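Heads up: the structure comes next, in structure tokens.
Because the structure is predicted, anything quoted here is derived from the model rather than measured. Just follow the structure's listing: the first ligand is 1, and inside any ligand the first atom is 1.
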Amino acid sequence: MNSSVPASLVQKAAGAPKAELHIHIEGSLEPELIFRLAQRNGVKLAYESIEALRAAYAFTDLQSFLDIYYAGASVLLTEQDFYDMTAAYVERALADNVVHTEIFFDPQTHTERGVPIATVVAGIDRALADAETRGLSSKLILCFLRHLPEEDALATFEAALPLFDQYRHRLIGVGLDSSERGHPPSKFERVFAKARAKGLKLVAHAGEEGPPSYVYEALDLLKVDRVDHGVRSIEDPALVARLADTRVALTVCPLSNVKLCVFDDMTKHTLKDLLDRGVAVTVNSDDPAYFGGYVNDNYVATIEALKLDDADVYTIVRNGFEASFVTPAERAALIAKLDAYWHRDHGEHGGGVGVSAS
Ligand code: HPA
Ligand code: ZN
């Protein structure tokens, strides 16, 4: 551990009630579960063993990761598979004191294998409904794969229309993910306009590997409510100022950025610079099974490498609730819970909260 960061701050952060706003549920599939589902469904994997699969997790960029991520998702066929995947993530989230999570899923990854979107959403939703009884609230965001044509995204949106009504309180938005370079947000202007007309929340990955111009496009053409990653915004001071002024949040995923070589190592991460310039940054896990950790691992790595102080960490955790797609009353309750925790005496040893709903 970095000696200049008190152990108690790391523990205080780990114990804090927090939101997670950038998690691809397919990226929470641990190798053990991938192999269990492959066996259950008779799906042949290109890897001999759990160890061989894990050994392939040495990524050089986003695409090198996506190739393996889509291969891993190929084991998901039944509603129960989506339930089991989500239930496993819920355990990790609860262990990290996540009290609210907004989860991405990639329907096109499954429909191309003949799995209906309704099956995907039913399994994920059932696990999230169970989690609610344990103090974890949640939303679901349908992401379009940007390497595919916009026509495919439009067809996916049309197919999902009944689900936006059926799961009105869970399925509240659309997003944009997959290979960023060469697939700017402008490619998806029409489908985002339709989602906006339906009153859905809008997010898009932008400025992970792509340039600041992609972040401008996400803001100006797609009219997103949040930007996923957005870390390359730092290259454009006017963009940083705009993000700070408008409080459009960035869902930053520090371990992901290092694993995908966006930054050489964690000490080079620009999260603290963005925070110091008034940008509403949040900390999230992205694809925790692939990038070396869940949300608390991301907090710990960031606190230590960037020497964050108590006020920094409080602001980041609070930003997660501020940027959540919840009602004002729900937001106030979440922030009150954080404040009750943060400002109590943590002593020398930090001390965490449980996540019981009481
Ligand atoms: N970026 C883009 N697409 C993704 C990611 C990511 O970090 N994770 C899963 N799909
Ligand atoms: Zn992502």
Side-chain angles (χ1 to χ4, degrees), residues 19-30 34 56-57 59-74 76 85-86 89 93 101-112 120 124 139-148 152-153 156 173-185 187-188 201-211 214-215 217-218 222 224-233 249-263 269 271 281-295 297-298 320 323:
E20 172 146 66
L21 304 179
H22 186 155
I23 158 80
H24 302 261
I25 198 64
E26 295 91 345
S28 73
L29 262 184
E30 293 284 347
I34 290 177
Y57 293 0
F59 312 117
T60 51
D61 60 8
L62 175 57
Q63 193 60 50
S64 66
F65 154 69
L66 289 170
D67 294 342
I68 290 183
Y69 162 85
Y70 294 127
S74 71
L76 295 159
M85 169 175 65
T86 308
Y89 165 71
T101 183
E102 301 192 350
I103 296 179
F104 300 143
F105 71 109
D106 289 339
Q108 289 158 290
T109 302
H110 312 301
T111 50
E112 69 148 30
V120 176
I124 297 173
K139 304 292 181 193
L140 202 48
I141 296 173
L142 180 159
C143 287
F144 304 116
L145 298 182
R146 69 201 305 159
H147 66 276
L148 299 174
D152 293 26
T156 300
V174 301
L176 186 63
D177 64 5
S178 190
S179 322
E180 188 179 6
R181 286 201 191 104
H183 302 285
K187 182 177 163 186
F188 294 91
K201 297 291 184 187
L202 309 175
V203 299
H205 285 53
E208 177 186 17
E209 284 191 340
Y214 283 25
V215 178
E217 285 192 13
L222 304 189
V224 294
D225 298 290
R226 296 195 298 245
V227 174
D228 297 314
H229 294 294
V231 289
R232 285 196 59 194
S233 302
L250 303 186
T251 62
V252 177
C253 307
L255 287 173
S256 165
N257 293 151
V258 172
K259 279 278 180 193
L260 300 187
C261 307
V262 174
F263 299 105
H269 203 289
L271 175 132
V281 293
T282 64
V283 163
N284 311 275
S285 70
D286 207 6
D287 300 281
Y290 292 90
F291 297 151
Y294 287 77
V295 74
D297 300 305
N298 278 272

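Within the 6.0 Å centre-distance limit, the rings of His205 and Phe104 are counted as a close aromatic pair. The ring of Phe188 has its center no closer than 6.0 angstrom to the ring center of Phe144.
Each of the following atoms of ligand 1 lies closer than 4.0 Å to a heavy atom of Leu62: 1 (N), 2 (C), 6 (C). Atoms of ligand 1 lying under 4.0 Å from any heavy atom of Glu208, numbered from 1 in the order shown and given with element: 1 (N), 2 (C), 6 (C), 7 (O). Below 4.0 Å from some heavy atom of Phe65 lie the following atoms of ligand 1, by number and element: 8 (N), 9 (C).
In terms of N/O distances under 3.5 Å, ligand 1 is approached by His24.
Applying the side-chain contact (heavy atoms from CB on, under 4.5 Å) rule to Ser233 yields the partners Val215, Leu239, Leu243; only residues at least two apart in sequence or on another chain are considered.
Residue contacts with ligand 1 include Leu66, since one or more of its heavy atoms lies under 4.0 Å from the ligand.
For NZ of Lys259, the number of neighbouring non-hydrogen atoms (other residues, nucleotides, ligands) closer than 6.0 Å is 12 at most.
Ion pairing of Glu102 with Arg226 is present here, as a side-chain N (NZ or NE/NH1/NH2) and a carboxylate O approach within less than 4.0 Å.
The proximity of Glu180 to ligand 1, defined as any non-hydrogen pair under 4.0 Å, does not occur for either the backbone or the side chain.
A donor-acceptor contact closer than 3.5 angstrom is absent between the side chains of Glu20 and Thr101. When only modelled atom types and interatomic distance are considered, Ser178 and Tyr70 share a side-chain donor-acceptor pair under 3.5 Å.
With contacts defined as side-chain heavy-atom distances shorter than 4.5 Å, the pair His269/Val231 qualifies.
Nearest to atom 3 (N) of ligand 1 among the protein's heavy atoms is Ser178 N, 2.8 Å. In this structure, the protein non-hydrogen atom closest to atom 7 (O) of ligand 1 is Asp286 OD2, 2.7 Å. Among all non-hydrogen protein atoms, the one lying nearest atom 8 (N) of ligand 1 is Asp287 OD2, 2.7 Å.
Protein contacts to the Zn ion (ligand 2) involving N, O or S atoms at a distance below 2.8 Å are His22 NE2, His24 NE2, His205 NE2, Asp286 OD1.
Ring geometry, Phe65 versus Tyr290: the interplanar angle exceeds 60°, so the pair is classed perpendicular (tilted spans 30 to 60°).
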Legend entry - Glu208 and Ser256: CA distance, side-chain angles, deciding distance, side-chain contact (heavy atoms from CB on, under 4.5 Å) verdict: CA-CA 10 Å; Glu208 177 186 17; Ser256 165; 4.2 Å; yes
